[in-house]
Structure formats: structure tokens, C-alpha cells
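In each ligand, atom 1 is the first atom listed, and ligand 1 is the first ligand listed.
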Amino acid sequence: MKYSLLSFFLPFTRYPYEGHAMPCPGCGHGKSTRVAGIDRRLKRLTTVACNHCGLLYTNPMPTDAELNAYYSDFYRFDYQAASTAPKEKHLAKRRNEAAIRVNQLEGLLPAHARTLDFGCGSGEFVTAMLALGHDAHGFEPGETYGSHAQSLHGERISIKGWQEVEYPERFDLVTCFHVLEHLRNPVDALKQMARWSAPDGRVYVEVPDLGSARGNKGFGALHFAHLLGFNHHNLIVAAARAGLVPEKIISPTGIIFRHGTIDDAAVENEAAKGSALTSALHGNGKMMSNYFRHQYRKITGAYR
Ligand SMILES: [Zn+2]
């Protein structure tokens, strides 16, 4: 281990990284406003909101090397993931999610579609697509989950990151569930998804929704692994820069895209809406009050 465990868990201290200041990873604009200086572990972590599209992001942003160190040494502690094999409870939850996602794709795919799951985890979505007769593939850089997926599906699974893995043929569908928010270069990742998908193919992206008033956790939603916090509008802005346009909206931040372009005025409009939504939910010191309100609602059962 490069760092001590304490350096990632002791409250009110900084995370052990230097990083570097970055323009918005979603829309590319340079101006941002600080919205939080602390995360859900009560550690010091600076999160900013892009003034143009409202994307929340960690700034300074960790470098690739710093992220690799974190994932190799600490990620499993953060997510209470098993170090040798995924837990059955986790697998059952993922199977359930895969079944729901497969249903959402009904009518959008040809028979025997060639599909790729970008960051496939323990492989449940690949399993579900194979069960429907599709030619499903996936890759996962995390050794524990990737090995589990590979034990089920052999060569269909690569234990690699998205910048290492290669595919000679394109896909009818590329899926990416709860991965994009972990990446420091989401537009590059979306461009890669677009390149991997056939001209008439689809890209289905889902990320946590930071644009929802209900369940707004304030700074409790922020942590080191989630470098980005999207809402509906700035997800569309980032995808547009990769040549992807919405085809079917499953949820605010669960969107099936196709290849295409949106005109500049429409992109600007989405960015303005994204920024307004972020300001309304998270601006002007609301990160703190929303955290305590959320804790109170959880304790009193107000969400039920
Ligand atoms: Zn932005």
C-alpha cells in the first residue's frame, strides 16, 4: 500500500492526493463555484459546480496515477466489497438491476445483437443479455468482480480498463451503468462508447442523479470515488460533445443515446438548465443543510 488506511478514513483530514485544477470535465468551461469542502466521510474534499452546465466535480481532480493507487488499495474498503469474491447479496441486487435494464431495451435491439457492457462489474448484465440470445461482451478493470464475470463467461469478459481494451468489431449496443461518474475524462469515455457502437447502434448510460430534490443528501452524496455528479441536463451536454443524442429517457440520468448532433443553441439551453438545477439544489451553502435534513428524514422515516 502506498498510503496508510487512516489517510483515507480519518475525518477532517485531506485525502492523500495532489491532483490538479481542471476545467469542467463535462462541458469544458473553465469557471466553477465551490459548493462543498467535505464529503460523506467528513473528510476534506473540494467539490465545485461548473458555472456553465452545473456538473459537480472534484477539483483539484486526482491524476490517473492517484486514482489507480486508490482503486488498488482502498476502493474495496470504501464499498465494503469483498476482497476475494463478490458477496451473494451484492450479486442478487445486481441481477435484479440487470433484469430491469434488459426490459427497458425491449424493441430497440435486433435479434442476436452484439452488446458490450462498459465496466461490467460481476457480469450480471452480460448474463441477462446472453440469456436472451444476444452476443454479449463486457470488460471490468476491478480484479475481484472481473474475475467473477470471467469465471462465468470466459473470453467474453476482459479484465482491463477502457483505455486498454480493444474490439475489432462494433456493437449494436454499448451500456455503461454507474461507471461514468468515476471517470476524470467522461467525454473521452463517451466518445469511445460512440466509436464502439455501430452507426445505427445505441449507447445506454446510467449515472446517479444529483438533480433530484428528493433524497438530496447534500455533501453526503460526495465521496472520493465519485469524481462527477451529473443531472439530466449536463449528462446530455457531455454526451452531445461525444456525438450522442438522447433517443429514450429511462430516468433523468438513465438515457439511451444514438449517434447524432444537437445544434449549439439546444446544447446551450441544456447547459443553462443544468446550471440552474444545480444552483437550486446545491448552491449557496445548501450542501450542509441538505445533509442534515436528509439525515433527519432518514431517522424519522420521512422518506417512507
Ligand atoms: Zn460544465
Side-chain angles (χ1 to χ4, degrees), residues 17 19-39 45-64 66-67 118 162 176 178-194 203 205-213 216-219 221-246 249 251-255 257 260-287 290:
Y17 85 100
H20 57 91
M22 207 170 160
C24 175
C27 76
H29 282 246
K31 293 224 165 59
S32 60
T33 303
R34 187 176 188 270
V35 292
I38 203 164
D39 76 351
L45 182 71
T46 301
T47 298
V48 302
C50 169
N51 289 3
H52 185 68
C53 77
L55 182 73
L56 299 168
Y57 64 100
T58 302
N59 206 19
M61 180 65 80
T63 63
D64 278 327
E66 287 164 340
L67 286 170
F118 183 118
W162 67 275
C176 186
H178 291 250
V179 174
L180 204 62
E181 70 274 17
H182 294 257
L183 305 180
R184 63 196 301 285
N185 40 5
V187 175
D188 288 345
L190 287 161
K191 282 179 181 167
Q192 183 60 273
M193 292 177 220
V203 174
V205 176
E206 188 185 298
V207 292
D209 183 10
L210 274 290
S212 168
N216 183 350
K217 298 176 185 174
F219 67 78
L222 307 174
H223 59 107
F224 190 75
H226 282 184
L227 305 172
L228 313 173
F230 288 96
N231 62 36
H232 175 69
H233 307 287
N234 51 40
L235 178 58
I236 289 174
V237 171
R241 292 180 74 209
L244 296 169
V245 297
I249 310 289
S251 67
T253 51
I255 303 178
F257 296 94
T261 50
I262 314 182
D263 66 66
D264 290 349
V267 175
E268 288 305 300
N269 187 36
E270 290 294 344
K273 285 184 191 170
S275 179
L277 185 55
T278 293
S279 297
L281 291 175
H282 308 294
N284 299 319
K286 291 196 184 81
M287 280 283 183
N290 285 331

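The aromatic rings of H52 and H29 sit parallel, their planes meeting at an angle under 30°, below the 60° perpendicular limit.
For the residue pair N234 and C53, the shortest heavy atom distance occurs at ND2-O, 3.0 Å. Between V179 and F118, the closest heavy-atom pair is CG2-O, 3.6 Å.
With 2.8 Å as the limit, C53 counts as an N, O or S neighbour of the Zn ion (ligand 1). The Zn ion (ligand 1) lies at 2.8 Å or more from every N, O or S atom belonging to H29.
For D264, the CG atom counts as loosely surrounded, since its 6.0 Å shell holds 12 or fewer non-hydrogen atoms of other residues, nucleotides or ligands.
Angle SG(C27) to the Zn ion (ligand 1) to SG(C50), rounded to 10°: 100°.
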